[in-house]
Number of protein chains: 2
Amino acid sequence: MVKRVRGSTTGRPIMALLDLLGRRWTLRIVWELREAPRRFRELQDMTGASPTIVNTRLAELREAKLVELDEATGYRLTALGNELLRLFLPLHAWSEKWAKATA
Amino acid sequence: MVKRVRGSTTGRPIMALLDLLGRRWTLRIVWELREAPRRFRELQDMTGASPTIVNTRLAELREAKLVELDEATGYRLTALGNELLRLFLPLHAWSEKWAKATA
DNA sequence: TCCGGTTGCTACGGAATATGTAGCAAGCCG
DNA sequence: CGGCTTGCTACATATTCCGTAGCAACCGGA
C-alpha cells in the first residue's frame with residue numbers, strides 16, 4: 001500500500017515533495033530539528049501541535065527518509081533531511097525582508 | 001490587523017512564513033506560477049484543488065504580497081513572490097535525488 | 001520492589017478545514 | 001440576443017486536526 005501522496009498523482013517528485021511539505025507542521029518540524037535532535041515532547045512543546053499530529057508528521061517524515069529516531073538523543077534529520085534543510089536556510093533571512101515589506 | 005498566522009504567535013517572521021507555506025496547496029500554487037501568469041481555472045485544473053481552496057489560498061498569498069492579479073493575464077508572482085520562488089527552485093533538482101533515495 | 005519520572009505513542013469526541021458540485025454576476029464577442 | 005470566459009461563492013459532505021487523557025515500556029533511585 002503506497003501511502004499515496006495527496007493530490008499528486010503525476011509521479012513527479014517535485015509534486016510529491018511540495019505536497020509532503022505542504023502539510024500543517026511539517027515544515028515547522030523540520031525547522032525545529034535544524035540545530036539538535038529533539039524529543040517527541042520537545043517537538044510538541046516547541047511547535048504547539050497536538051501529539052497526534054506530531055506523531056503523524058514524524059511518521060511521514062521518517063517514511064520519506066528525512067527524519068530518523070535515535071533512541072539515545074531523539075529525533076534528528078537524516079543526511080537527506082539535512083540537505084533539504086540547507087535549501088531552506090535562506091528562507092530565514094528572506095523572511096525578515098518579507099516581514100518588512102508586508103508590514 | 002495582521003491576520004494572525006496559525007499557531008505562530010512568536011512574531012518571528014520565519015514562523016509566520018513556514019506556517020503560511022505549510023498550508024495545503026499553497027506551495028503548489030506558488031510553484032505553478034513559476035513560468036507564466038495563470039488564470040483562476042487554470043490553477044484549479046493544474047492543482048486539482050477545489051475552487052474554494054484555490055480562492056482562499058490566492059487571497060492569503062495576495063495579502064502576503066507574494067501573488068497579484070493582473071486582469072489582463074491572470075495571477076502572477078509579485079517581485080517578492082519571485083524572490084521566494086527562486087529560493088525554492090533548487091528543490092526541483094533535489095527532489096529527483098530524493099525520489100531515488102526513497103524508492 | 002515499588003515509586004516517580006521519562007520515553008514514544010494512541011483513543012476519542014468535538015472543532016476546524018477541505019472537497020465537490022453547482023451556480024452567480026460581470027464582461028466580451030458576435 | 002446567445003454563448004463564452006472571467007473571478008468567485010454557497011452549501012452539504014468528507015476529511016483532517018485539535019485537546020485531553022492515558023497507555024506500555026523503560027530507567028534510576030530508595
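Chain letters run A, B, ... following the sequence lines, proteins first and then strands; every chain starts at 1.
Atom pair B:F40:CZ and D:dT9:C1' shows a separation of 9 Å (rounding to whole Å applied). Atom CZ of B:R57 and atom P of D:dG7 are 19 Å apart (whole Å). Going from atom CD1 of A:I53 over to atom C1' of C:dA15 covers 14 Å, rounded to whole Å. Residue B:R76 contributes atom CZ, which lies 17 Å from atom C1' of D:dT6 at whole-angstrom precision. Put simply, CZ on B:R23 is 14 Å from C1' on C:dA18, counting in whole angstrom units. In this structure, A:R24 places its CZ atom 6 Å from P of C:dT17, rounding to the nearest Å. Here the C1' atom of nucleotide C:dG8 and the CG atom of A:L58 are 10 Å apart, to the nearest Å. One can place CD of A:E42 at 7 Å from P of C:dT7, the figure rounded to the nearest angstrom.
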Every protein N/O within reach of nucleotides 20-28 of chain C N/O, cut-off under 3.5 Å:
| unit_1 | atom_1 | unit_2 | atom_2 | d |
| --- | --- | --- | --- | --- |
| C:dG20 | O6 | B:T52 | OG1 | 3.1 |

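In this structure B:S50 satisfies the side-chain hydrogen bond (donor to acceptor under 3.5 Å, both in side chains) test with no other residue, sequence neighbours excluded. Listed by chain and number, the residues in a side-chain contact (heavy atoms from CB on, under 4.5 Å) with A:V30 are A:L61, A:L77, A:L85 (sequence neighbours excluded). Considering only residues two or more places apart in sequence or on other chains, A:T73 meets the side-chain hydrogen bond (donor to acceptor under 3.5 Å, both in side chains) condition with A:D70. In this view, B:E42 and B:R38 satisfy the salt bridge (Lys or Arg N to Asp or Glu O under 4.0 Å) rule, not counting sequence neighbours. Partners of A:E83 under the salt bridge (Lys or Arg N to Asp or Glu O under 4.0 Å) rule, at least two apart in sequence or in another chain, are B:K97.
Residue B:R38 is classed as having no contact, given no heavy-atom separation below 4.0 Å to the nucleic acid.
When side chains are defined from C-beta on, B:T78 does not count as touching B:N82, because their heavy atoms never get closer than 4.5 Å.
In the set C:dT7, D:dT9, D:dC18, C:dT7 carries the atom at the smallest distance from any side-chain atom of A:R39.
OP1 or OP2 of C:dT19 has at least one side-chain nitrogen or oxygen of B:W25 nearer than 4.0 Å.
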